[in-house]
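Side-chain atoms are counted along with the backbone in the values below, which use heavy atoms only and exclude waters and symmetry mates. Residue numbers begin at 1 in each chain, while the letters A, B, ... track the order of the sequences.
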Number of protein chains: 2
Amino acid sequence: MGLREVKRERTRRLIADKAFELFNDNGFGRTTVEQIAAAAEVGPSTLYRYFPTKETLVLEFVEDCLVDAVTWLREQPELELPAGLQAVIERVLEQLESNPDRVRAVFDLASQTASVSAHLNELIWRFRTDLADELVLRLPANNRAEFTAALAAGIAMNIIETVVRVWVEAPDTTDARSLARQAMTLLHTGGIPLPAVSDNSRYDY
Amino acid sequence: MGLREVKRERTRRLIADKAFELFNDNGFGRTTVEQIAAAAEVGPSTLYRYFPTKETLVLEFVEDCLVDAVTWLREQPELELPAGLQAVIERVLEQLESNPDRVRAVFDLASQTASVSAHLNELIWRFRTDLADELVLRLPANNRAEFTAALAAGIAMNIIETVVRVWVEAPDTTDARSLARQAMTLLHTGGIPLPAVSDNSRYDY
DNA sequence: CAGTCATATGGTAGTCACTGCCAGAATCTA
DNA sequence: TAGATTCTGGCAGTGACTACCATATGACTG
């Protein structure tokens, strides 16, 4: 790895860390990109080369966790669907658990600032579609495969999100992965009251 | 109703409609708020009094559908949970189906513009939390109620979103509500391959 | 080591979303 | 009609973000 990449990685980290400090100290809205750039001792234009928007400075860590998990799944094409889903869930949570303070700070900022919340939701949605794309390959090819994959990915993401929002409130006394297992059990045993419909439509999309 | 409210409603509609035209003709990014204000023959500051951000101009209709459904559910406290959930899903879809072009345009704009997509996801998330707040009242009060409600609301929202994304591609040949029933059936009959876990953790959050 | 090439950087100028403020117009009330 | 309330448009300003260019810096070649 050349010196160039080393430096690049270093400044990237530096910018993100300084940004995080300023956000936590002064709040997201009361921190300007100029301040962040000055704190990291780079020009504003350099900052924008690394991070396209102010919000990505907040969400980088979470994004990395999600991207990593779906990339990992992509490299395990032999993994069957239910096991793969569980593995992805556990993998994401494992990574998030490696830095509870950061995750908590991210969710705090999201709850205070609408644009951060919006970008977080956008991130989650992107992950969900990526996951669905990967799941559909593991389903028998029929006209419902995409539909089923989208639903399955949504449920997985739903579990992750719900679990994280609970866990992040008390990261020391709870354990995200066992919470996730509880959620899966609830789902599997009918512990979640969902409507049961007689599917009398013959429509086949 | 006084003349004031009539006028207010009229200008609100006017602004939203003109905005929609311009967005569809020129794209979201290539339309400025000044252009919208000029087209609606109001000052920019007036526009901002009606719509806090440019994105809300796009999402107003979808937001109304979602707000309406959750408001309706709030007024039916006697409705049991599974039936209530199904009713909410059908109600949202029914409203969306009343204006397929608008819904399609919203999703088109969202797929082209990141900030619109982000705000749409934010909107969906807000609806999901509102729905969860409403569902938790219909669950036996125990330490899992909130968790269960969040999961159920997430699944309902997941069904709505997935169904709409399929339906919106061919609103003439498909029917959102029967798609939703198919999704519920899939879920209920185990048609969606989800991980089954033996919950051996004794943690009780 | 010198030369040159590719890339990274910082600065400048500009656009545009959005905010706060104020004077005047329109509507409502008595 | 007089006065109180609310709506409106314009103006000035902030700050995120873009396009562009000159310069500097690490990377490669003879």
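- Under the 6.0 Å distance and 45° angle rule, Arg12(B) counts as a cation-pi partner of Phe51(B).
- Contact check, Tyr48(B) against dG9(D): no side-chain N or O comes under 4.0 Å of OP1 or OP2.
- Distances shown here put every side-chain N or O of Ser45(B) at or beyond 4.0 Å from the OP1 or OP2 atom of dT8(D).
- Contact check, Lys54(A) against dC17(D): no side-chain N or O comes under 4.0 Å of OP1 or OP2.
- OP1 or OP2 of dA8(C) lies within a sub-4.0 Å distance of a side-chain N or O belonging to Arg8(A).
- Across all strands shown, Phe51(B) has no heavy atoms under 4.0 Å from either base or sugar-phosphate atoms.
- Going from atom CZ of Arg10(A) over to atom C1' of dT25(D) covers 14 Å, rounded to whole Å.
- Nearest-nucleotide assignment on DNA chain D puts the 5′-proximal partner with Val42(B), out of Val42(B) and Thr31(A).
- The CD-P distance, from Glu55(B) to dC16(C), rounds to 16 Å in whole Å.
- Separating the CD1 atom of Ile15(B) from the C1' atom of dG9(D) is a distance of 12 Å, rounded to the nearest angstrom.
- Heavy atoms of Ser115(B) sit nowhere under 4.0 angstrom from any nucleic acid atom.
- Between Glu5(B) and Val33(B), the residue whose closest nucleotide on DNA chain C is further toward the 5' end is Val33(B).
- If you check the side chains of Thr129(B) and Asp133(B), you find no donor sitting under 3.5 Å from an acceptor.
- Of the candidate nucleotides dT27(C), dG10(C), dA6(C), dA6(C) has the atom nearest to the side chain of Arg4(A).
- Distances shorter than 4.0 Å separate none of the side-chain N or O atoms of Thr32(A) from OP1 or OP2 on dG15(D).
- Distances shown here put a side-chain N or O of Lys7(A) below 4.0 Å from the OP1 or OP2 atom of dG26(D).
- Nucleotide dG15(D) holds its P atom 14 Å from the CZ atom of Phe23(A), rounded to whole Å.
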Query raised in the report: Is there a salt bridge (charged side-chain N to carboxylate O under 4.0 Å, His left out) between Asp25(B) and Arg30(B) once you walk through the steps?
Result: CA-CA 10 Å; Asp25(B) 292 351; Arg30(B) 273 181 298 281; over 6 Å; no
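- Taking atom CZ on Arg49(A) and atom C1' on dC21(D), their separation rounds to 11 Å, with Å as the unit.
- At a threshold of 4.0 Å, the pair Glu9(B)-Arg13(B) does not count as salt-bridged, since none of the basic side-chain nitrogens sits closer than that to a carboxylate oxygen.
- Note: CG (Leu57(A)) to P (dA16(D)) measures 11 Å, nearest angstrom.
- Atom pair Arg12(A):CZ and dT9(C):P shows a separation of 12 Å (rounding to whole Å applied).
- Note: CD (Glu41(B)) to P (dG10(D)) measures 12 Å, nearest angstrom.
- For the pair Arg165(B) and Phe107(B), the cation-pi test (distance below 6.0 Å, angle within 45°) is failed.
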